[in-house]
Amino acid sequence: MKYRMRMTAFFLAALFSVLLSIWGPEALAKYQDKGMLDEIHEETVEKAGAGYRYKLNTNEKLYILSRCLSSQNLPETEHSAMTRLEEGGTYQELEGSYAFVANYRSPSEREITDEQIYETCNTALALLKEYGILPEEVREVEPSSYDATRYSAIDVLEPRNNIAVWKLSLSNSQENANKENRLIDAYLDANDGKMYEFYVRTPLLWEDIDTDAVIEKWGEYMGLGRPTAYESDNPLLETTPYFKKYVFPGMGEERTIVTVGFYEGINELFLKISR
């Protein structure tokens, strides 16, 4: 009798398990739907496509721009030819994984516009004078005498690593123009207007220029920290014997080389970046 009762209980338990496995999930789903349907429920989600936005610091931006500029095939001529657009076009023959391309799209809301870039450049020149990097004799730029082009400097393998810059150059149309005390070329950040690189005619001679003071003040102006000396005695690193090179931290373990130099005869002081 007891055995029969145990077998009956076992059979009923097994039957209940089978029925539960068949009808349980469906019944549970209906119960959950009943609690969700015909009611408004709020849920906080991230905006589609927002993703993670990585903001480059100044050292990283300087490094990316230096790689992009160094990746160009430039003609081996005097500085004006090296930094000028050929025949009004571009010389964007690229090497490696860094691209430097003209950007003709309208600037974003955060970027300096075509109308603002000249005033921005004059503000940068005033700051460089205040820091003692440039002499007071350097003249302001004016739209009628300069060409301004916006570029994108891009790490092709990591496209999120990119910056926008403005390049200002004394216009090719200014033939026989007086270049004394004038900015010849410059690269400026398209967001904050900081001047990454410049070539400028001044009344200074090489012996008047304290390169250590210039680079220290420029690093302070840019927010790069203190530089270290570049360990090389190779006199062929530049097309002029008057230069001194420095190193700033770049991206990761990489570095950026910054050169303070001088072209004798035309009295052109320059500060340029390279890899």
Side-chain angles (χ1 to χ4, degrees), residues 46-75 82-86 89-114 117 120-121 124 147-169 185-199 215 218-219 221-228 230 232 237-238 245-260 270-275:
E46 292 186 4
K47 291 182 179 179
Y52 172 67
R53 295 184 178 273
Y54 178 69
K55 186 176 181 180
L56 298 168
N57 63 37
T58 305
N59 290 79
E60 291 170 332
K61 291 195 291 184
L62 188 73
Y63 173 76
I64 291 171
L65 180 59
S66 73
R67 293 300 302 265
C68 290
L69 294 178
S70 298
S71 294
Q72 298 176 103
N73 288 328
L74 304 181
M82 291 168 61
T83 56
R84 196 89 53 213
L85 299 179
E86 297 178 343
T90 59
Y91 48 66
Q92 269 54 26
E93 298 294 331
L94 305 174
E95 297 176 344
S97 59
Y98 289 85
F100 189 67
V101 293
N103 187 341
Y104 297 110
R105 294 183 300 175
S106 298
S108 69
E109 294 181 357
R110 300 185 303 273
E111 292 179 343
I112 297 163
T113 65
D114 307 53
I117 184 57
T120 299
C121 183
D147 297 322
T149 306
R150 193 163 54 94
Y151 288 89
S152 292
I154 307 167
D155 179 349
V156 177
L157 300 182
E158 289 286 346
R160 68 174 184 171
N161 296 336
N162 67 88
I163 64 170
V165 296
W166 279 99
K167 179 183 179 183
L168 260 68
S169 299
D185 288 293
Y187 286 103
L188 295 92
D189 191 284
N191 289 281
D192 61 22
K194 291 292 182 67
M195 192 173 287
Y196 290 110
E197 189 173 294
F198 61 78
Y199 291 76
I215 200 67
W218 181 78
Y221 155 77
M222 292 293 295
L224 295 168
R226 296 181 65 86
T228 56
Y230 179 76
S232 176
L237 292 175
E238 297 292 333
K245 292 181 178 289
Y246 302 86
V247 175
F248 285 94
M251 179 170 279
E253 299 299 320
E254 300 295 333
R255 65 182 185 176
T256 303
I257 299 172
V258 181
T259 305
V260 178
F270 66 86
L271 184 148
K272 71 172 186 177
I273 60 177
S274 59
R275 58 183 179 181

Drop me the distance from I154's CD1 to N103's CG, to the nearest 0.5 angstrom. 8.0 Å

Which value, rounded to the nearest 0.5 Å, describes the distance between N57 atom CG and L224 atom CG? 9.0 Å

Looking at every heavy atom in both I273 and Y196, which two are closest together, and how far apart are they? CG2-O, 3.9 Å

Using the test side chain to side chain contact (heavy atoms under 4.5 Å, CB included), find all partners of E254 that sit at least two apart in sequence or belong to another chain. Y63

The reported gap from CG in N59 to CD1 in I64 (rounded to nearest 0.5 angstrom) is 11.5 Å

Identify the two heavy atoms, one from R275 and one from S70, that lie closest to each other, and give their separation to 0.1 Å. N-OG, 3.5 Å

F248 versus P227, closest heavy-atom pair with distance: CZ-CB, 3.4 Å

If you look at every heavy atom in T120 and G193, which pair is closest and at what distance? CG2-CA, 3.6 Å

How long is the gap from OH on Y98 to CG on D155, to the nearest 0.5 Å? 4.0 Å

Once you measure the plane-to-plane angle for Y187 and F100, does it fall in the parallel (<30°), tilted (30-60°) or perpendicular (>60°) bin? perpendicular

For N162 and S152: C-alpha separation, side-chain torsions, deciding distance, then whether side chain to side chain donor-acceptor pair (under 3.5 Å) applies. CA-CA 7 Å; N162 67 88; S152 292; 6.0 Å; no

Kindly give the heavy-atom pair with the smallest separation between G223 and T58, and that separation in Å. O-CB, 4.4 Å

What's the separation between atom NZ in K272 and atom CZ in F198, rounded to the nearest 0.5 Å? 13.0 Å

Pairwise side-chain contact, E197 with L65, heavy-atom cut-off 4.5 Å (strictly under): no

Are K194 and Y221 in a cation-pi contact, defined as NZ or CZ under 6.0 Å from the six-membered ring centre and within 45° of the axis? yes

So do the side chains of S66 and V258 get within less than 4.5 Å of each other, counting heavy atoms only? no

CZ of R67 to OG of S274, rounded to nearest 0.5 Å, is 11.0 Å

With sequence neighbours excluded, residues passing side chain to side chain contact (heavy atoms under 4.5 Å, CB included) with A164: E111, A190

Any side-chain heavy-atom pair of N191 and K61 under 4.5 Å: no

Residue pair G250 / T256: nearest heavy atoms and the distance that separates them: CA-OG1, 4.1 Å

Please answer whether the main-chain N or O of I117 pairs with a side-chain N or O of W166 as donor and acceptor at a distance below 3.5 Å. no

